[in-house]
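See below for the structure under consideration.
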Amino acid sequence: AQPTLAVVGATGSVGTVMLELLSSRRNVWGEIRLLASARSVGKRLSCRGEQLTVHELTADAFDGVDIAMFDVPDTVSLEWAPVAAARGVTVVDNSAAFRMEPDVPLVVPEVNKEALRDRPRNIVSNANCTTMAMIMAIAPLHREYGLRELVIASYQAASGAGQIGVDTLHDQLSKVAGDRLLGSRPGNVRQAVGDDLGPFSAPLALNVVPWSGELAALGWSSEEMKLRAESRKILGLPALKVSATCVRVPVVTGHSIAVHAVFGSEVTAEGARQALRNAPGVILVDDPEAGEFPMPIDAVGTDPSWVGRIRRAMDDPRALDLFVTGDNMRKGAALNTVQIAELLAAE
Ligand code: 2RA
């Protein structure tokens with residue numbers, strides 16, 4: 001019999017993409033059960049061409065479920081993933097709640113699917129969307145040249161902060177549209193945008209905001225710390241040097257990352273391109289003269305990480321500079337979760 005899948009957080013923005021993917025990918029599932037908080041109960045959502053009713057997230061709702069994909073806040077995952085796991089459900093969790101637990105694998109199928117084998121808590125974690133886009137490009141280069149260090153700047157889209165992030169960006173854009181003096185005098189963009197900053201710490205329209213997540217140790221943001229810790233865990237490089245600066249930009253969907261990667265052996269730009277051409281889940285877009293480079297407006301709605309602007313560093317023959325863009329809602333969240341669930345289903 002085909003396995004039963006639960007989607008926990010089915011009404012959220014990532015949940016919505018999960019249902020789209022379940023409808024468009026090869027169908028490996030028997031029943032698909034949609035679960036969410038009490039306020040969404042009774043909503044009808046379309047999946048695989050059928051209308052499914054959303055049920056309340058309760059312990060009994062996991063009866064008969066084989067695999068559950070969770071996209072809920074960390075606190076909800078912390079409470080409910082162990083409840084499901086204790087009932088024999090294998091949980092694939094997209095929150096940060098379990099990612100760094102030593103007995104929970106953090107899996108990107110194209111990079112470390114062997115980590116799936118060892119899951120004593122019946123929980124598997126999905127990486128942060130920024131880590132995900134970057135790691136797809138970096139893992140094949142690591143296999144080729146042996147990674148030593150990453151220096152990264154991210155350009156993160158509003159949808160990484162949820163639908164509220166997208167709504168806030170569009171509201172702000174309509175407030176600033178048409179006034180050509182905005183952005184050429186101190187404070188006038190703040191004034192036009194007003195006090196409603198939504199999930200961001202400053203106006204996002206006509207601006208970039210060098211902050212994402214919460215304050216962590218020594219002035220680093222939680223997002224920057226996640227990039228470091230998750231890259232180390234996924235690549236199995238516990239001493240990898242990682243310095244990240246995470247920045248929110250006025251883009252709807254598509255996280256981009258500028259990467260300076262230092263390796264153990266000498267690199268060439270063409271060797272790197274060849275490694276990336278052969279890598280699953282990666283698309284090479286690297287013809288700057290023709291205006292071809294990775295950008296969110298092109299990568300949105302697609303599955304792979306788009307990689308380009310590949311250069312050997314001018315001052316270090318063992319370092320590459322490159323630019324990556326990936327759809328943070330798909331591979332960055334829903335798609336990777338679905339891919340892991342499909343691997344579990346095949347077991
Ligand atoms: C963000 N990576 O972009 C975080 C969470 N999805 O805000």
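Sequence positions, counted from 1, serve as the residue numbers for this chain. All values below come from the heavy atoms of this structure, side chains included, with hydrogens, waters and symmetry mates left out.
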Hphob cluster co-occupancy, Val8 + Val76, side-chain heavy atoms under 4.5 angstrom: yes
Min side-chain heavy-atom separation Gln2-Glu31 under 4.5 Å: no
Approximate separation, where rounding is to 0.5 Å, of Arg312 CZ and Leu322 CG: 14.5 Å
Gap between atom CD1 of Ile310 and atom CG of Asp286 - 0.5 Å precision: 4.5 Å
Donor-acceptor under 3.5 Å (Lys175 side chain, Val193 main chain): yes
Stepwise side chain to side chain contact (heavy atoms under 4.5 Å, CB included) check, His142 with Leu237: CA-CA 10 Å; His142 166 52; Leu237 296 173; 3.7 Å; yes
CD/Gln51: more than 12 non-hydrogen atoms of other groups inside 6.0 Å: yes
Validation row: Leu227, Asn128 side chains within 4.5 angstrom (heavy atoms): no
Nearest non-hydrogen partners of Val7 and Ala10, listed with the distance: O-CB, 3.8 Å
Any donor-acceptor pair under 3.5 Å from Asn94 side chain to Met69 backbone: no
Heavy-atom closest contact (Pro294 atom, Val285 atom, distance): CD-O, 3.6 Å
Considering all heavy atoms, the nearest Gln172-Leu204 contact: OE1-N, 2.8 Å
Closest contact, heavy atoms only, Arg185 versus Asn188: O-OD1, 3.0 Å
Side-chain (Asp327) to main-chain (Gly254) donor-acceptor, under 3.5 angstrom: no
Check: Asp74 side chain, Ala96 main-chain N or O, donor-acceptor pair, under 3.5 Å: yes
Heavy atoms from other residues, nucleotides or ligands near CZ of Arg44 exceed 12 (cutoff 6.0 Å): yes
Non-hydrogen side-chain atoms of Val104 and Asp93 separated by less than 4.5 Å: no
Within-4.5 Å side-chain heavy-atom neighbours: Phe98 and Leu106: no
Backbone of Val83 reached by a side-chain donor or acceptor of Arg87 within 3.5 Å: no
Salt bridge (charged side-chain N to carboxylate O under 4.0 Å, His left out) evaluation trace for Asp303 with Arg330: CA-CA 6 Å; Asp303 288 349; Arg330 288 173 85 90; 3.0 Å; yes
Least distance between heavy atoms, Ala192 atom then Val176 atom: CB-CG1, 4.3 Å
Co-membership, hydrophobic cluster, residues Met18 and Val108, 4.5 Å side-chain: no
CG on Leu5 to CG on Leu344, rounded to 0.5 Å: 10.0 Å
Interatomic distance, Arg148 atom CZ to Arg318 atom CZ [nearest 0.5 angstrom]: 7.5 Å
Separation between CG of Leu173 and OG1 of Thr168, rounded to the nearest 0.5 Å: 10.5 Å
Flag, side chain of Arg33 to backbone of Ala61, donor-acceptor distance under 3.5 Å: yes
Verify same cluster id: Phe323, Ile297 (apolar side-chain graph, 4.5 Å): no
Ser95 side chain vs Ala97 backbone, donor-acceptor pair below 3.5 Å: yes
Phe70 and Phe62 aromatic ring geometry - parallel, tilted or perpendicular at 30°/60° bounds: parallel
Side-chain heavy-atom pair Val107, Asn112 within 4.5 angstrom cut-off: yes
Heavy-atom side-chain contact between Met132 and His255 under 4.5 Å: no
Exam field: side chain Arg228 to backbone Met225, donor-acceptor pair closer than 3.5 Å: no
Single-linkage hydrophobic cluster, 4.5 Å side-chain cutoff, Trp211 and Val208 together: no
Modelled atom types, side-chain donor and acceptor of Glu144 and Gln274, under 3.5 Å: no
Salt bridge flag under 4.0 Å for residues Arg248 and Glu223: no
Path from Ile234 to Ile123 over hydrophobic side-chain contacts below 4.5 Å: no
Residue pair Ser243, Trp220: steps toward the side chain to side chain contact (heavy atoms under 4.5 Å, CB included) verdict: CA-CA 10 Å; Ser243 278; Trp220 296 92; 4.1 Å; yes
Side chain to side chain contact (heavy atoms under 4.5 Å, CB included) between Ile135 and Leu235, intermediate numbers included: CA-CA 8 Å; Ile135 215 79; Leu235 296 173; 3.8 Å; yes
Pair Arg273 + Glu270, salt bridge at N-O below 4.0 Å: yes
Check: Pro203 and Leu197 side chains under 4.5 Å, non-hydrogen atoms: yes
Closest contact, heavy atoms only, Leu34 versus Ile32: CD2-CG2, 4.0 Å
Side chain to side chain contact (heavy atoms under 4.5 Å, CB included) between Trp80 and Val72, worked out: CA-CA 10 Å; Trp80 287 97; Val72 289; over 6 Å; no
Backbone N/O of Ala133 and side chain of Ser305: donor-acceptor pair under 3.5 Å: yes
Test item: Thr337 and Asp71 side chains (from C-beta on) under 4.5 Å apart, heavy atoms: no
Distance-only side-chain donor-acceptor flag, Arg48 / Ser23, under 3.5 Å: no
Sidechain-backbone polar pair: Ser265 side chain, Tyr145 backbone, donor-acceptor under 3.5 Å: yes
Atom pair NZ (Lys226) and OG (Ser221), whose distance is rounded to the nearest 0.5 Å: 9.0 Å
